[in-house]
Amino acid sequence: MSKHVKTLIQGNIKATAMTTACKECQTSCQSACKTSCTVGNQVCQNSK
Amino acid sequence: MHIFTFQDMTLVLDTSSGSLLEVDELAGKIISLLPQHTVEAIRETLASGYGQTELDEALAEVFKLVEEGNLNGGLPSEPVLEIEVPQVKALCLHVAHDCNLRCKYCFAGTGDFGGGRTLMDEATGKAAIDFLLRSSGTRKHLEVDFFGGEPLLNFDLVKSLTAYGEEQASKFSKIIRFTLTTNGTLLGEDETRYLNDKKMALVLSLDGRPDVNDRMRPFDGNVGSYTPVKEALLRFVQARSGQNYYIRGTFTAHNLDFSEDVKHMYELGFREISVEPVVGGAGETYTLTTDHLDTLRAEYDKLASFYLERQQAGEPFNFFHFNMATYDGPCFGKRVSGCGAGFDYVAVTPDGEIYPCHQFVGNPRFIMGDVFTGIRDNTLSHEFRQANLYKKPECMACWAKFFCSGGCHANALHTSGTLLKPDQLSCELQKKRVECALGITAAKLRSGR
Ligand code: SF4
Ligand code: SF4
């Protein structure tokens, strides 16, 4: 049991680094902002 | 790696894995020494302040994460993103270059994008849909956003293109997801019924408190739009049982306390909210500058507290930028290629001209082709595609890169004259939003929500 460090989230960046983007997920500027680019809140279509 | 505090927590984002850690003071110190120091050097530096057992324990925990690749690892190499011909999967369809509001900050020049007030005709609209289906290659999920100006000024076309798009998409075994961005002034009974029947996602514009909204979003003759718009939006959102919409506001130098505007919209009853910093307008009284940064950062913190407080009270709302998809977020290729303007995503004007995105419309240098003959040459597309995260020195040095994906090309070009150098003010705000989103995720995990 860790006392000093707690992993809250295990990131998926390395795990997906070798895959080719299928681009089936939503385009970032089509969602709500139309002025800025944030991909962090786009959900992967394949995980739905 | 990025170490930051959120409320009473110290958090670490490991940039290259995307992992989020909560650390105590000692582990935080160890992690901040990691990049330039060996274990021995770290032990020596911290030996005077901590007992040996405690130090050993903490070092072991930290180095276990390093070995597992969840801390201080190398960046994945640049993915191969280049393909010969762009596969366009999303259109911003400007069905009306005309608007019935006269918003002071409108990047579209109050609707006409500097090119005269025009509506798209049916032949052009259908050609745009055909262009999308033809250009989308192997991609199955496509998107069309009805945009303007004010798209409901051309509501008949919205209806006929939705029908045409559905029919054509099914022939090609594809799915088009339609969305519409509107100022809400024309949402009458017919419009509401139709948009709800079609389950179309809507982005509805309102800036918040009455005086804030009316100062920037008047009708012609400087008549405020707050009251009629608020009423129309409330009716509309209620008619769709509060689903599938975003209320989208803009904040400017006139409402640096924008968290109050979000609260106001929450109190009105809206639960899906997004507010964005105003774009451009250098030298205007409403323009945001780096002098405003401290105030704006504090405002995001206030908003994050309000967000968590509402959640704990059992009456949560969504704030677009705080909804970080931390578990099922996009793949690496998407994190590197960003918004896709100019290759995945293009904008189409009422005349059928194709631009890299809605923010470039009206600037002739950026015309890529038209929907009748297609993209004329791929130079611009190539230029946008190659401007990925790995080509931007500022981004490569930035901890937020895989959540931000390199910022807005249009902002970069406006402020620094090149796609490869992001707009600094946008970056600072982006980083603050990512911190808040990660902090909120951490707080939710802690409280088990
Ligand atoms: S915040 Fe700025 S520097 Fe960081 S990744 Fe985004 S655009 Fe690049
Ligand atoms: S360039 Fe900017 S406005 Fe255009 S699609 Fe990209 S992020 Fe959105």
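In what follows, every chain begins at residue 1, and chains take the letters A, B, ... in the order their sequences are listed. Fair warning: this is a prediction, and the values are worked out from it, not measured in the lab.
- Only the backbone of B:T15 comes within contact range of chain A, with at least one heavy atom under 4.5 Å from a heavy atom of that chain.
- Using a 4.5 Å cut-off between heavy atoms, B:E54 contacts chain A through both its backbone and its side chain.
- A pairwise comparison of heavy atoms in B:E143 and A:Q26 identifies OE2-CA, 3.2 Å as the closest pair.
- Residue contact with chain A, scored on non-hydrogen atoms closer than 4.5 Å, is absent for B:L202.
- Heavy atoms closer than 4.5 Å to chain A are found in both the backbone and the side chain of B:S16.
- A distance of 8.5 Å separates NZ in A:K6 from CG in B:L445, rounded to the nearest 0.5 Å.
- The contact between B:K140 and chain A is made by backbone and side chain atoms together, counting heavy-atom distances below 4.5 Å.
- Going from atom CG of A:L8 over to atom OG1 of B:T441 covers 9.0 Å, rounded to the nearest 0.5 Å.
- For A:G11 against B:S19, the heavy-atom pair with the smallest separation is N-OG, 3.0 Å.
- For chain A, the option among B:D14, B:T250, B:L21 with the highest count of heavy-atom pairs below 4.5 Å is B:L21.
- Atom NZ of residue B:K334 and atom CD of residue A:E24 lie 10.5 Å apart, to the nearest 0.5 angstrom.
- Residues A:S2 and B:K64 bring no donor and acceptor atom of their side chains to less than 3.5 Å of each other.
- Most heavy-atom pairs under 4.5 Å with chain A, from the set B:A201, B:S77, B:C331, B:A400: that is B:C331.
- Taking each heavy atom of A:T27 and B:A90 in turn, the nearest pair found is OG1-CB, 3.3 Å.
- When the side chain to side chain contact (heavy atoms under 4.5 Å, CB included) test is applied to B:A58, the partners found at least two apart in sequence or on another chain are A:H4, B:L26, B:I30.
- The CD atom of B:E57 lies 3.5 Å from the NZ atom of A:K3; values are rounded to the nearest 0.5 Å.
- Put simply, CD1 on A:I9 and CD on B:E22 are 11.5 Å apart, with the number rounded to the nearest 0.5 Å.
- Annotation: side chain to side chain contact (heavy atoms under 4.5 Å, CB included) contacts of B:S136 (sequence neighbours excluded): B:L142, B:K174.
- Within the 4.5 angstrom heavy-atom criterion, only side-chain atoms of B:T181, from C-beta onward, approach chain A.
- Residues A:K23 and B:D344 come closest through the heavy atom pair NZ-OD2, 2.7 Å.
- Of the atoms belonging to B:Y245, not a single heavy atom falls under 4.5 Å from chain A.
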